[in-house]
Asker: 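I'd like to ask you about the structure that follows.
Just so it is clear, the values below take in all heavy atoms, side chains as well, and ignore hydrogens, waters and symmetry mates. Just follow the structure's listing: the first ligand is 1, and inside any ligand the first atom is 1.
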Amino acid sequence: MSEDSKNDDLEAGYRFDTRAVRAGTERTHFGEHTEAMFLTSSFVHDSAEHAAAKFAGEAEGYIYSRFGNPTVRLFENRLAALEGAEDCRATASGMSAIMSVLMSLTKTGDHVVCSQGVFGTTIQLFSLFTRYGVETSYVPLADPDAWQAAIRPNTRMLFLETPSNPLTEVADLRAIAAIAKRHGIPLVVDNCFCTPALQRPLELGADIVVHSATKYLDGQGRVIGGAVLGSGKYMNDALQPVLRYCGPTLSAFNAWMLAKGLETLSIRMQKHSENALTVARWLEMQPGVERVRYPWLESHPQHALARAQQGAGGAVLAFELAGASDAERRANAWRVVDGCRLLSITANLGDVKSTITHPASTTHGRMSPAARAEAGIGEGMLRVAVGLEDPADICEDLARGLE
Ligand SMILES: *Cc1c(COP(=O)(O)O)cnc(C)c1O
């Protein structure tokens with residue numbers, strides 16, 4: 001299979017869990033059962049003529065791992081089979097996936113519309129691109145009219161994450177995709193939180209999906225990686241030149257880890273979601289907890305929409321502690337964090353280990369208090385990325401600081 005070949009597994013008609021385990025596998029003549037890892041920077045050719053044909057794109061075959069490697073291709077084909085994408089390109093990180101998409105779709109003078117509350121570094125990336133003359137406007141994720149109103153003649157990309165972090169707001173993907181289609185602008189969805197096991201944005205009308213594979217695709221906190229998924233035409237015409245000339249390449253070792261991570265993605269995401277719902281329901285009953293935000297709770301304002309476009313709630317929830325003042329709310333939140341012996345105090349997520357963070361003093365600590373309040377991130381808010389421990393142990397850990 002060449003670096004540019006399409007993914008054939010979709011046509012085979014296998015179901016999701018089967019594709020997660022089998023798609024993209026190509027055995028060598030040794031007959032290895034587990035997928036081989038190709039740690040090689042370059043590839044040899046049969047003859048001068050063969051080399052010339054490969055370089056001219058007239059013969060199939062790998063040339064150099066910056067722009068094509070069989071192990072990377074395994075991960076790309078397997079993920080494409082899960083997202084229902086024609087094709088996929090892996091990248092060194094989630095940020096390099098977003099950067100490469102941005103470079104492939106925009107030039108000086110262009111404009112991007114992005115949802116408020118996306119991953120903080122994504123906002124930093126978009127603000128870096130103002131120096132190349134690409135401007136970004138931010139709109140409320142859950143308000144399709146605001147997306148419509150923000151579009152300008154020079155808008156070249158709509159970008160969002162759903163559910164949002166840490167508020168777990170849900171975007172109406174079909175509605176925003178319809179707006180994108182009407183204007184002929186690609187809708188790009190960062191599907192990091194749900195993964196294709198729970199949500200497939202391309203099936204709902206999005207044009208491009210990006211991933212931080214670092215999170216749930218690996219799922220065990222081992223490697224950094226990213227991916228871009230979409231049509232074969234977009235990959236070959238627009239994205240491949242950016243990747244080939246800029247070189248944000250995923251290493252074959254990391255690709256192998258990620259391809260193996262996909263084999264357990266479905267059962268991990270189901271268990272993450274089950275555990276998160278158990279913890280969310282328990283939190284709702286605790287005195288001192290003012291509000292719990294999790295898409296699978298009936299109390300979530302967009303519960304019906306979440307149920308219509310996601311297979312389960314995912315791992316991430318947020319909750320707010322009561323208090324007479326901001327200072328008291330912060331003290332109450334910090335007491336819960338400091339009471340944890342099991343949950344890891346870290347802003348990272350996407351691991352089998354549960355993590356807890358106080359967004360107002362960490363991930364969102366550099367925002368002004370006014371901007372934070374406007375974004376809905378209060379001093380009493382905590383975010384938990386629920387892992388695969390026994391949920392009763394997670395609740396007991398949180399209970400110490402709540403008492
Ligand atoms: C972590 C993350 C990223 C960035 O991914 P890296 O692999 O760390 O570069 C992008 N989007 C979301 C939603 C993330 O959580």
Asker: Might you work through the salt bridge (Lys or Arg N to Asp or Glu O under 4.0 Å) test for D338 and R335, ending with a clear yes or no?
Answerer: CA-CA 5 Å; D338 291 336; R335 189 165 350 96; over 6 Å; no

Asker: Can you find a side-chain donor-acceptor pair between N69 and S65 that sits under 3.5 Å?
Answerer: yes

Asker: What atoms in ligand 1 come closer than 4.0 Å to a heavy atom of G225?
Answerer: 7 (O)

Asker: Among all protein heavy atoms, pick the one closest to atom 8 (O) of ligand 1 and tell me residue, atom and distance.
Answerer: S212 OG, 4.1 Å

Asker: Is the H272-Y216 ring centre distance short of 6.0 angstrom?
Answerer: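 For H272 and Y216, the ring centres are under 6.0 Å apart.
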
Asker: I need the atoms of ligand 1 closer than 4.0 Å to a non-hydrogen atom of C192, numbered in the order shown.
Answerer: 12 (C), 13 (C), 14 (C), 15 (O)

Asker: If you measure every N or O of K215 against every N or O of ligand 1, does any of those distances drop under 3.5 Å?
Answerer: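 The answer is yes, given that K215 and ligand 1 share an N or O pair closer than 3.5 Å.
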
Asker: May I ask you to identify the nearest protein heavy atom to atom 9 (O) of ligand 1, giving residue, atom name and distance to one decimal place in Å?
Answerer: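 Atom 9 (O) of ligand 1 sits closest to the protein heavy atom M95 N, 2.9 Å.
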
Asker: Hey, does F193 come in under 3.5 Å of ligand 1, counting only N/O atoms on both sides?
Answerer: no

Asker: Taking the six-membered ring for Trp, is the centroid-to-centroid distance between F159 and F126 below 6.0 Å?
Answerer: yes

Asker: Say whether F119, considering both its backbone and side-chain N or O atoms, lies within less than 3.5 Å of an N or O atom on ligand 1.
Answerer: no

Asker: Can you find an N/O atom of E161 closer than 3.5 Å to an N/O atom of ligand 1?
Answerer: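 Looking only at distances, the answer is no, because the N/O contact criterion of under 3.5 Å is not met.
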
Asker: Only heavy atoms of T214, strictly under 4.0 Å: list the atoms of ligand 1 that pass.
Answerer: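 Atoms satisfying the 4.0 Å criterion: 6 (P), 7 (O).
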
Asker: So which atom in A206 and which in V189 form the shortest heavy-atom distance, rounded to 0.1 Å?
Answerer: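 Where A206 meets V189 most closely, the heavy atoms are CB-CG2, 3.8 Å.
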
Asker: Taking atom types as modelled and ignoring hydrogens, do the side chains of S299 and Y294 form a donor-acceptor contact shorter than 3.5 angstrom?
Answerer: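 No, Y294 and S299 have no side-chain donor paired with an acceptor closer than 3.5 Å.
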
Asker: Would D190 count as a contact residue for ligand 1, given that I'm defining contact as a non-hydrogen atom of the residue lying under 4.0 Å from a ligand atom?
Answerer: yes

Asker: Indicate the ring-plane relationship of F43 and Y62, choosing parallel, tilted or perpendicular according to the 30° and 60° boundaries.
Answerer: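 Plane angle between 30° and 60°, so tilted.
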
